[in-house]
**Q** 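There's a structure below that I have some questions on.
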2 protein chains.
Amino acid sequence: MRMQKAQPKIKDVAHAAGVSTATVSRALTQPERLSEATREKVFEAIQATGYRVNRAARNLRTRRAGAILVLVPNLGNPFFSHILSSINEVLAANGYSVLVFDSQQHGASEQVVSDCLLNGSVDGLITLDGRVSDVTRQTLKNANMMRQVVFCCEWSDHLPVPSIRSDNALGTQMAVDHLVALGHRAIAHVTGPAENILGRVRKDAFSACCAAHGLDILPDWIIPGDFSLAAGVAAADRILAMGTRPTAVFCASDAMALSFISRCQQRGVSVPHDISVVGFDDIDLAAFSQPALTTIRQDRPGLGRLAAEELLAHLHGDQKSDGPHVIYAPISLIERSTTSAPAALRAEPGRVAKPAI
Amino acid sequence: MRMQKAQPKIKDVAHAAGVSTATVSRALTQPERLSEATREKVFEAIQATGYRVNRAARNLRTRRAGAILVLVPNLGNPFFSHILSSINEVLAANGYSVLVFDSQQHGASEQVVSDCLLNGSVDGLITLDGRVSDVTRQTLKNANMMRQVVFCCEWSDHLPVPSIRSDNALGTQMAVDHLVALGHRAIAHVTGPAENILGRVRKDAFSACCAAHGLDILPDWIIPGDFSLAAGVAAADRILAMGTRPTAVFCASDAMALSFISRCQQRGVSVPHDISVVGFDDIDLAAFSQPALTTIRQDRPGLGRLAAEELLAHLHGDQKSDGPHVIYAPISLIERSTTSAPAALRAEPGRVAKPAI
DNA sequence: CACACAAATGTAATCGATTACATAGCGCGA
DNA sequence: TCGCGCTATGTAATCGATTACATTTGTGTG
């Protein structure tokens with residue numbers, strides 16, 4: 001009774017259908033090569049026995065894993081969930097399983113990645129983490145496995161593989177242009193972590209855009225953050241303590257923007273009346289905060305989908321586009337209610353319509 | 001040049017070390033059974049050749065997969081990220097890989113689950129989705145695979161497997177007690193989806209608690225929601241339109257609570273001055289909203305960790321606790337700033353200290 | 001009618017590890 | 001000295017599929 005019925009094997013099916021194992025296997029993998037009669041016999045036998053292909057055996061023989069590794073820096077960060085979701089959707093639809101690993105969690109994370117690729121437990125890697133150790137890079141190069149890796153969101157310039165990303169510089173420019181168009185000339189920036197490629201790119205783009213607009217940005221107005229909620233609060237405290245306070249703030253993440261705003265409100269500073277705020281990402285909550293957050297939307301589902309599709313194309317050999325090419329997912333400014341003309345301009349309505357360039 | 005060096009196999013290592021493949025295998029799996037000299041020879045050869053155990057071969061032979069499937073209802077929901085993260089942490093530390101699937105994504109989701117378990121591509125299943133189809137239940141029962149499944153957060157009473165969860169009734173009671181202690185007697189509830197076990201349990205507990213306190217809850221005050229941000233807005237609109245408006249609202253999720261509050265503020269209703277709000281979950285943003293959200297904290301890392309540990313215990317045969325037992329992760333009321341005494345009581349301070357029972 | 005060729009199916013090698021069983025070497029007590 | 005038992009290692013079967021190659025059957029052609 002408590003005996004566990006052994007899983008039926010291909011031999012059992014073959015026997016039940018009165019054919020050879022080869023025929024059963026072919027019914028599953030190349031049904032068009034069998035006569036209709038046999039094919040049906042086999043499928044009936046499969047039904048009857050409840051047969052399932054043993055994955056390990058198939059993988060061993062075919063030297064494929066049918067799985068993709070997704071490397072996430074901090075799985076606990078909800079920003080990644082939509083990306084993971086769309087990656088999953090595309091891969092699952094193509095018969096691949098999705099393995100996830102948190103690249104910050106284990107000292108052994110570098111080990112894990114190259115291990116998985118080298119020992120055949122996955123066919124490819126999508127990494128949302130732009131930091132790639134030298135060891136990993138070298139290992140991938142040696143094993144000639146570069147074409148089975150793609151970056152998503154983040155990237156590293158040292159690893160020549162395809163990269164799916166938002167145009168962060170463009171997004172930053174949209175944010176700055178928007179604020180400048182409203183009349184702001186004193187704009188602060190709360191950055192991402194210095195070691196993060198996105199943080200660096202957005203910060204550099206911010207400086208460049210401000211320079212292009214001829215804005216005079218005080219060094220103090222570049223406030224180091226780390227994308228986190230806590231960083232937004234800290235940034236608000238710093239700005240509210242400043243002698244010459246900027247009239248607008250561009251935050252490198254929505255999380256920082258939202259907590260920045262909360263802290264301002266808590267300290268009696270009104271957004272956007274007293275200070276305008278622009279975020280980056282367009283997380284779900286951005287549309288539902290009060291006031292609703294003006295931000296730069298990253299197409300998270302699109303990023304995931306494109307990355308998955310790109311990887312699949314490479315795995316299936318469409319090397320039409322081998323190497324380190326970049327694909328940009330669409331990005332856009334979502335104007336909501338945390339930006340307005342600066343107070344000084346509102347006092348001189350003449351300048352509001354056509355703000356000084 | 002572009003030849004891809006074939007991965008070294010165990011035979012290559014054996015040859016390099018001058019031993020048999022059995023010895024190499026033993027060096028990897030039961031090193032204590034080898035003499036120190038041989039063991040070192042083998043490890044050097046492994047180093048030298050860059051050998052990695054082929055997973056498919058090992059899995060085939062050992063009839064293990066070294067992987068666990070985590071089934072998530074809606075991967076895009078950030079609530080799950082912390083849980084997934086801690087599941088991952090525990091499993092990775094124990095040498096297991098983590099496969100994720102979104103149970104809402106594919107019509108084939110039921111297929112996927114039983115497939116994965118039956119074809120040996122995973123050793124166990126942690127499901128965050130309480131809805132289990134009859135087919136799946138039957139399949140699991142037939143294959144005697146129940147002991148390789150655990151529920152986390154959600155559950156189904158029809159599947160007798162271990163369940164790691166928060167004490168939702170207790171959490172609800174904490175919320176209601178808190179509001180009642182503040183003097184509220186007119187409390188609304190924004191529910192989760194009717195088809196969701198958590199939504200139902202919290203709603204039932206809410207009704208029971210209110211009854212226990214002798215509160216008179218109008219049917220209208222039970223507002224159907226679905227945990228989403230949009231539902232919070234809709235609920236706010238409904239409540240603000242009511243003739244007899246409740247003085248407090250218990251929302252079945254933080255997402256609904258936060259968007260509920262935003263909508264109230266937007267419509268000029270102040271929280272907690274005009275209406276008190278309690279959430280459920282304690283998501284990251286709850287502490288950083290303005291006002292900071294009073295809520296019931298679920299220990300998400302704890303839920304994930306316990307589920308992973310429970311599953312590992314079962315897989316390793318510690319069937320000390322076989323069957324459908326329930327493990328509760330700690331839950332607590334986090335008092336922040338979205339609750340206060342109702343306006344009516346503030347006018348009669350005499351009643352504030354000891355509100356009428 | 002014989003032969004070439006294609007289609008359908010079977011036989012058995014193969015993927016790369018683990019491990020049951022066999023063997024060799026060694027120490028120790030009788 | 002013999003033999004028992006223990007340790008260290010080797011030999012070869014095994015896990016369960018896929019697939020190269022062989023074989024059979026059927027079909028069209030000169």
Side-chain angles (χ1 to χ4, degrees), chain A residues 4-43 45-46 49-67 95 115-121 123, chain B residues 4-43 45-46 49-67 95 115-121 123:
Chain A
Q4 178 164 345
K5 284 188 279 291
Q7 280 300 310
K9 318 171 185 198
I10 198 170
K11 208 179 273 188
D12 302 322
V13 179
H15 188 254
V19 299
S20 73
T21 62
T23 301
V24 177
S25 178
R26 283 193 273 258
L28 258 22
T29 54
Q30 349 176 25
E32 73 284 356
R33 286 199 38 186
L34 296 187
S35 74
E36 195 177 318
T38 328
R39 203 187 314 143
E40 269 184 31
K41 253 192 318 186
V42 173
F43 282 131
I46 289 178
T49 54
Y51 171 71
R52 313 285 168 122
V53 179
N54 178 305
R55 245 29 214 223
R58 168 178 282 182
N59 292 348
L60 173 57
R61 185 60 229 248
T62 59
R63 298 149 160 286
R64 287 184 2 112
D115 261 21
C116 282
L117 281 165
L118 293 180
N119 71 20
S121 55
D123 297 320
Chain B
Q4 178 164 344
K5 284 188 278 291
Q7 280 298 312
K9 318 170 184 198
I10 198 171
K11 208 178 272 188
D12 301 322
V13 179
H15 187 254
V19 299
S20 75
T21 61
T23 300
V24 176
S25 178
R26 282 194 273 259
L28 258 21
T29 54
Q30 348 175 26
E32 73 284 357
R33 289 198 37 185
L34 296 187
S35 74
E36 194 177 318
T38 331
R39 201 187 315 141
E40 271 184 31
K41 252 193 318 186
V42 173
F43 281 131
I46 289 178
T49 54
Y51 171 71
R52 313 284 168 121
V53 178
N54 178 306
R55 250 21 217 221
R58 167 179 284 183
N59 292 348
L60 173 58
R61 185 59 228 250
T62 59
R63 299 149 160 286
R64 287 184 1 113
D115 260 23
C116 281
L117 282 165
L118 293 180
N119 71 21
S121 55
D123 298 320

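Since we're looking at a predicted model, the values are computed, not measured. Lettering follows sequence order; numbering is per chain, from 1.
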**Q** Considering heavy-atom distances to DNA chain D, does A/Ala56 or B/Gly18 have its closest nucleotide positioned more toward the 5' end?
**A**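 Whichever sits nearer the 5' end wins; that is B/Gly18.
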
**Q** Does atom CD of A/Gln30 have more than 12 heavy-atom neighbours, drawn from other residues, nucleotides or ligands, at distances under 6.0 Å?
**A**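 Count over threshold, so yes.
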
**Q** Reckon A/Tyr51 has a side-chain N or O less than 4.0 Å from the OP1 or OP2 of D/dA17?
**A** yes

**Q** Counting any heavy atom closer than 4.0 Å, what does A/Arg64 reach on the DNA or RNA strands: base, sugar-phosphate only, or nothing?
**A** nothing

**Q** Side chain of B/Arg33 only, heavy atoms from C-beta on: which candidate in D/dT9, C/dT18, D/dT18 is closest?
**A** D/dT9

**Q** Has the side chain of A/Ser25 got a donor or acceptor atom that lies under 3.5 Å from a matching backbone atom of A/Thr21?
**A**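 No: the side chain of A/Ser25 does not pair with the backbone of A/Thr21.
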
**Q** Does B/Val19 reach a base, just sugar-phosphate, or nothing at all? Heavy atoms under 4.0 Å.
**A**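 If one applies the 4.0 Å heavy-atom cut-off, B/Val19 turns out to touch the sugar-phosphate alone, with no base involved.
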
**Q** From CZ of A/Arg55 over to C1' of D/dT18, roughly how many Å is that when rounded to an integer?
**A**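 Rounded to whole Å, this separation is 13 Å.
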
**Q** Any donor-acceptor pair under 3.5 Å between the side chain of B/Arg26 and the base of D/dG10?
**A** yes

**Q** Could you check how far CD1 of A/Ile10 sits from C1' of D/dC15, rounded to whole Å?
**A**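 Answer to the nearest Å: 14 Å.
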
**Q** Rounded to whole angstroms, how far apart are CG on A/Leu34 and P on C/dT9?
**A**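 The distance from CG of A/Leu34 to P of C/dT9 comes to 6 Å, rounded to the nearest Å.
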
**Q** Hey, does A/Arg52 reach any base, or is it just sugar-phosphate, or nothing, if we go heavy atoms under 4.0 Å?
**A** sugar-phosphate

**Q** So does A/Arg55 get a backbone contact from the side chain of B/Asn119, meaning a donor-acceptor N/O pair under 3.5 Å?
**A** no

**Q** As a test of reading the structure: which of C/dT9, C/dT11, D/dG16 is closest to the side chain of A/Ala22, going by heavy atoms?
**A**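 Selected nucleotide (nearest to the side chain): C/dT11.
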
**Q** Heavy atoms from C-beta onward define the side chain here; which of D/dA17, D/dT9, C/dT18 lies closest to that of B/Thr23?
**A**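 From the listed options, D/dT9 comes nearest.
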
**Q** Between atom CG in A/Asn119 and atom P in C/dC15, what is the gap in whole Å?
**A**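 The answer, rounded to whole Å, is 18 Å.
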
**Q** Of the listed nucleotides (C/dA8, D/dA8, D/dT18), which one gets closest to any side-chain atom of A/Arg61?
**A** D/dT18

**Q** For B/Thr62, report the nucleic acid contact type (base, sugar-phosphate, nothing); a contact means any heavy atom under 4.0 Å.
**A** sugar-phosphate

**Q** How far does CG of A/Asn54 sit from CZ of A/Arg61, to the nearest 0.5 angstrom?
**A**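 A/Asn54 CG to A/Arg61 CZ: 14.5 Å, rounded to 0.5 Å.
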
**Q** Start at the 5' end of DNA chain D and walk down; is the nucleotide closest to A/Gln30 or to B/Leu60 reached first?
**A** B/Leu60

**Q** If I take atom CG in residue B/Asn54 and atom P in nucleotide D/dA17, what distance separates them, rounded to the nearest angstrom?
**A** 17 Å

**Q** Write down the distance between CD (A/Glu40) and P (C/dA8), rounded to a whole number of angstrom.
**A**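 So the CD-P distance, A/Glu40 to C/dA8, works out to 15 Å.
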
**Q** For A/Arg63 and C/dG16, is the shortest distance between a side-chain N/O and OP1 or OP2 below 4.0 Å?
**A**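 Checking A/Arg63 against C/dG16: at least one side-chain N or O falls below 4.0 Å of OP1 or OP2.
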
**Q** Report the nucleotide, chosen from C/dT18, D/dA8, C/dA8, that has the shortest atom-to-atom distance to any side-chain atom of B/Thr38.
**A** D/dA8

**Q** Taking the side chain as every heavy atom from C-beta outward, state whether B/Ile46 and B/Leu28 have any atom pair closer than 4.5 Å.
**A**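 A side-chain contact under 4.5 Å exists here.
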
**Q** If you compare every side-chain N and O of B/Thr21 against the phosphate oxygens of D/dG10 (OP1, OP2), does one of them come in below 4.0 Å?
**A** no

**Q** So, is B/Arg58 close to the C/dT18 phosphate, meaning a side-chain N or O under 4.0 Å from OP1 or OP2?
**A** yes

